[in-house]
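First comes the structure, then the notes that go with it.
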Amino acid sequence: MSDVSRHHRTAAVIPAAGRGVRLGPGAPKALRALNGTPMLVHAVRAMAASRAVSLVVVVAPPDGAPEVKRLLDAHSLPERTDYLVVPGGDTRQESVRLGLEALPEDIGTVLVHDAARPLVPVETVDSVIEAVRDGAPAVVPALPLADTVKQVGPAGKDEPEPVVATPDRAALRAVQTPQGFDRDTLVRAHATVTDNVTDDASMVEQLSLPVVVVPGHEEAFKVTRPLDLVLAEAVLARRRATDGF
């Protein structure tokens with residue numbers, strides 16, 4: 001296969017091995033129902049909605065890959081998109097690495113997407129892919145901050161946290177996913193950066209390589225708390241009413 005065709009094959013890796021304790025007891029966060037369908041299925045569909053994505057790799061809990069495979073088999077996905085389910089690791093970083101190792105050789109662009117961001121619009125996915133294909137080694141979708149941000153220092157026992165600085169929010173962004181990468185760059189980052197991190201783009205930063213920002217979307221929020229589930233249900237209801245989603 002030519003270098004050009006390899007460059008234009010894109011896969012998405014979705015680490016979904018976490019428990020999601022902030023949503024309370026019950027099923028892992030990625031398997032929580034949203035409008036009657038597990039969030040993970042919504043997230044896979046969001047990646048598969050892009051015609052540029054030909055493969056989705058779901059990284060399941062270490063002992064839950066068969067269950068996740070059955071779950072995906074039971075829900076309709078675009079026929080043009082294949083998917084794999086592989087067991088994950090103890091950390092998000094390890095799970096992404098295991099997802100990378102499962103990719104076929106002809107994949108040149110890799111998206112890493114949070115299963116807990118089930119409603120990211122396809123336009124955002126396509127923007128990230130396009131920026132990688134245009135030559136950026138790493139791309140993140142992000143939004144300007146609406147709130148003032150305070151930096152705080154350590155607090156004594158039973159004492160309130162002291163404010164030590166107010167960063168200029170004009171230079172700050174709230175980063176979302178999918179984050180996009182040149183495959184070789186992301187593989188190198190996971191082979192080089194040993195500290196456990198929550199953001200793959202920060203691993204590329206540690207290689208002193210550029211990371212660029214494309215516009216994010218307000219509907220690509222992360223479902224972390226019970227109130228987020230209420231908001232996600234409202235977004236789906238609006239989509240059904242206006243777009244027939």
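Values below: every heavy atom of this structure, side chains too, minus hydrogens, waters and symmetry copies.
Partner of Val86 under the side-chain contact (heavy atoms from CB on, under 4.5 Å) criterion, out of Val13, Val68, Val59: Val59 alone.
Counting heavy atoms from C-beta outward, Thr177 and Val120 have side chains that stay 4.5 Å or more apart. Counting heavy atoms from C-beta on, the side chains of Ile107 and Ser54 come closer than 4.5 Å. Proximity of Arg32 to Val223: side-chain heavy atoms (C-beta onward) are nowhere separated by under 4.5 Å.
Between Ala16 and Ala115, the closest heavy-atom pair is CB-CB, 4.0 Å. In terms of heavy-atom proximity, Ser95 sits nearest to Pro15 at CB-CB, 4.3 Å.
The existence of a salt bridge linking Asp106 and Arg183 is excluded, since no basic side-chain nitrogen approaches an acidic carboxylate oxygen closer than 4.0 Å. The pair Lys69-Asp73 meets the salt-bridge criterion, since a charged nitrogen lies less than 4.0 angstrom from a carboxylate oxygen.
Grouped with Val193 in one hydrophobic cluster are Val197, Met203, the linkage being side-chain heavy-atom contacts under 4.5 Å among Ile, Leu, Val, Met, Phe, Trp and Tyr residues.
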Quick one: do Phe181 and Val112 satisfy side chain to side chain contact (heavy atoms under 4.5 Å, CB included)? Show the steps, please.
CA-CA 8 Å; Phe181 304 90; Val112 180; 4.0 Å; yes

For Leu186 and His190, run side chain to side chain contact (heavy atoms under 4.5 Å, CB included): C-alpha distance rounded to whole Å, both residues' side-chain angles, the deciding distance at 0.1 Å, then the answer.
CA-CA 6 Å; Leu186 187 58; His190 275 268; 3.7 Å; yes

Leu77/Val56 under side chain to side chain contact (heavy atoms under 4.5 Å, CB included): CA gap, chis, key distance, verdict
CA-CA 11 Å; Leu77 300 171; Val56 178; over 6 Å; no

Test side chain to side chain contact (heavy atoms under 4.5 Å, CB included) on Asp200 and Arg92; report intermediate values, then the result.
CA-CA 10 Å; Asp200 292 272; Arg92 182 185 186 279; 2.7 Å; yes

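A donor-acceptor pair under 3.5 Å is formed between the side chain of His42 and the backbone N or O of Leu34. No donor-acceptor pair closer than 3.5 Å links the side chain of Asp114 to the backbone N or O of Arg117.
Val96 is connected to Leu55 through a chain of hydrophobic side-chain contacts under 4.5 Å among Ile, Leu, Val, Met, Phe, Trp and Tyr, so both are in one cluster. Linking ILVMFWY side-chain heavy atoms closer than 4.5 Å, directly or via other members, places Val44 and Val122 in two distinct hydrophobic clusters. Leu72 and Leu111 fall within the same hydrophobic cluster, defined by Ile, Leu, Val, Met, Phe, Trp and Tyr side-chain heavy atoms under 4.5 Å apart, directly or through other members.
Residues that satisfy the salt bridge (Lys or Arg N to Asp or Glu O under 4.0 Å) test with Glu101, not counting sequence neighbours, are Arg97. With sequence neighbours excluded, the residues forming a side chain to side chain contact (heavy atoms under 4.5 Å, CB included) with Thr185 are Pro137, Asp182, Val204, Leu209, listed by chain and number.
Rounded to the nearest 0.5 Å, atoms CG (Leu207) and OG (Ser202) are 10.0 Å apart. Put simply, CD on Gln176 and CG on Leu143 are 4.5 Å apart, with the number rounded to the nearest 0.5 Å.
Counting non-hydrogen atoms of neighbouring residues, nucleotides and ligands closer than 6.0 angstrom, the CD atom of Glu218 reaches no more than 12 such neighbours. Summarising the local packing, CD of Glu130 is surrounded by 12 or fewer heavy atoms from other residues, nucleotides or ligands at distances under 6.0 Å.
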Counting only pairs under 3.5 Å, give me each side-chain donor-acceptor contact of residues 45-52, with atom names and distances, residues two or more places apart or in other chains.
residue, atom, partner, partner atom, Å
Arg45, NE, Ser76, O, 3.1
Arg45, NH2, Ser76, O, 3.3
Ser50, OG, Ala52, N, 3.2
Ser50, OG, Asp126, OD1, 2.6

Compile the donor-acceptor pairs under 3.5 Å between side chains in residues 229-238 and protein atoms, sequence neighbours left out, one pair per line.
residue, atom, partner, partner atom, Å
Glu233, OE1, Asn35, N, 3.3
Glu233, OE2, Asn35, N, 2.8
Arg238, NH2, Glu219, OE1, 3.4
Arg238, NH2, Glu219, OE2, 2.3

Side-chain donor-acceptor contacts of residues 144-158 below 3.5 Å, not counting sequence neighbours, with atom names and distances?
residue, atom, partner, partner atom, Å
Lys150, NZ, Thr166, OG1, 2.9

